[in-house]
Protein chains: 2
Amino acid sequence: MTRANEAWESLMKAYSVLMKQFNAEDIWGDLTMREYDVLYQLSKCDSPLRMSELNRHVLLSQPALSRMVDRLVERGYLDRCPDPGDRRGVRLTLTPAGRETQRQIGRPHARSVTRALNVLTPQELEQLAVITGKLSQSEE
Amino acid sequence: MTRANEAWESLMKAYSVLMKQFNAEDIWGDLTMREYDVLYQLSKCDSPLRMSELNRHVLLSQPALSRMVDRLVERGYLDRCPDPGDRRGVRLTLTPAGRETQRQIGRPHARSVTRALNVLTPQELEQLAVITGKLSQSEE
DNA sequence: TTAGAGTAGATGCAAACGCATTAGTCATCA
DNA sequence: TGATGACTAATGCGTTTGCATCTACTCTAA
């Protein structure tokens, strides 16, 4: 087994352990973690996001995302408008309620993340960010 | 936004990008990646694994894993025997067919992983393994 | 020995998922 | 212009998922 495979397995393990840990916390209200992730991704960009662009940031199939957005629009967290420049596409934005809900959940979640990653030294945090950054840029 | 949060976000992004990349490869036969993961986890331990133990290594709810094992037993990849020492529990093992299938898929997948992580230096690979190792050990 | 708490895994059920496909729009070029 | 291929998002449909619950077994202590 190569170093690369060991490293990848270790990364998957860490992801799995921490995801379970975060998921077990009682902070998610009526959202799933995946739904929160969609709100979070949208909260990061002030300009409206295209469906396909959002899909690039979320680990969901295109149809699954399409329907999740359906539900989030239905529940008042998202607005979905036709894109004036490309009539195939849609523009997604957070509603005020969606933004507020994201913040309400984001605050305690950010604290959990900080707590969980505090086992690392500042140098390790920096290294982790750099290394995983390189990994996600290496799309072929 | 703290360093810890940036690092976690970067880790999630890398996980998501690479998972999509691996999933898109045409090597999985009639298995999903999640099913392969179950076969892989079992392939690592020669002794039979308990359901609850396996569940600790897989990002799936207990009922979902229970049924996935159902299907894998049904399809001839796994054996599920009652645990003689604890009559509540079961012991899971790969069948020869399951082991063979895991190997057939594991070979090309391991190559993909190596290729994807080759953008990192040997030092970075080592650091990544160490850092993510610390993260998964920090269960409270 | 036995009552009560704890643990292991299975099952009912509604919700969510992925694959395949479709409808509608864009972009290129003959 | 009008056909062809690519792209964006939605929909049909069977499968899988998670939550809540259930049964069966174990463990502890009175």
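A, B, ... follow the sequence lines: proteins, then strands. Residue 1 opens every chain. What's counted below: heavy atoms across the whole structure, side chains too, no hydrogens, waters or symmetry copies.
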OP1 or OP2 of D:dT8 versus the side-chain N and O atoms of A:R50: is any pair under 4.0 Å? no
Kindly determine whether B:L42 and B:L78 satisfy side-chain contact (heavy atoms from CB on, under 4.5 Å), including the steps that lead there. CA-CA 9 Å; B:L42 282 169; B:L78 262 54; 3.8 Å; yes
Between A:R88 and C:dA23, is there a side-chain N or O to OP1/OP2 distance below 4.0 Å? no
Minimum-distance nucleotide to B:P63 side chain [options: C:dA20, D:dT8, D:dA20]: D:dA20
Which of these nucleotides, C:dC17, C:dG9, D:dT17, is closest to any side-chain atom of A:L60? C:dC17
For the student: nearest non-hydrogen atoms of A:P84 and A:R91, plus distance: CD-CD, 3.5 Å
Closer to the 5' end of DNA chain D via nearest nucleotide, is it B:P84 or A:E53? A:E53
Would you mind reading off the distance between A:N55 atom CG and D:dC7 atom P, rounded to a whole angstrom? 15 Å
Please determine whether a side-chain nitrogen or oxygen atom of A:S52 lies at a distance below 4.0 Å from atom OP1 or OP2 of D:dC7. no
Measure from the side-chain heavy atoms of B:D86 and tell me the nearest of D:dG18, D:dA10, D:dT26. D:dT26
Is there, by distance only and without an angle test, a donor paired with an acceptor across the side chain of B:Q62 and the base of C:dA10 below 3.5 Å? yes
Atom CE of B:M51 and atom P of C:dT11 are separated, to the nearest Å, by 10 Å
Specify the separation, in whole Å, of atom CZ of A:R34 and atom P of D:dT17. 10 Å
May I have the distance from B:E35 (atom CD) to D:dT15 (atom C1'), rounded to whole angstrom? 10 Å
Quick one about B:Y40 and A:E9 (side-chain donor to acceptor, distance below 3.5 Å, no hydrogens or angles considered), yes or no? yes
Enclosure of B:R50 CZ (heavy-atom neighbours >12, cutoff 6.0 Å): yes
B:R87 CZ - D:dT23 C1' separation (whole Å): 14 Å
Other residues, nucleotides, ligands: >12 heavy atoms within 6.0 Å of B:R80 CZ: yes
Restricting to non-hydrogen atoms, name the atom on B:A14 and the atom on A:L135 that form the minimum distance, rounded to 0.1 Å. CB-CB, 4.0 Å
Expressed as a whole number of angstroms, how long is the span from B:M33:CE to C:dC17:P? 18 Å
Of all of residues 64-82 of chain B, which get a heavy atom below 4.0 angstrom from DNA chain C, listed by number? B:S66, B:R67, B:R80
Sub-3.5 Å donor-acceptor pair from the side chain of B:W28 to the main-chain atoms of B:F22, do we have one? yes
Separation of atom CE in B:M19 from atom P in C:dC17, rounded to whole Å: 16 Å
Here the distance between atom C1' of D:dA9 and atom CZ of A:R91, to the nearest Å, is 16 Å
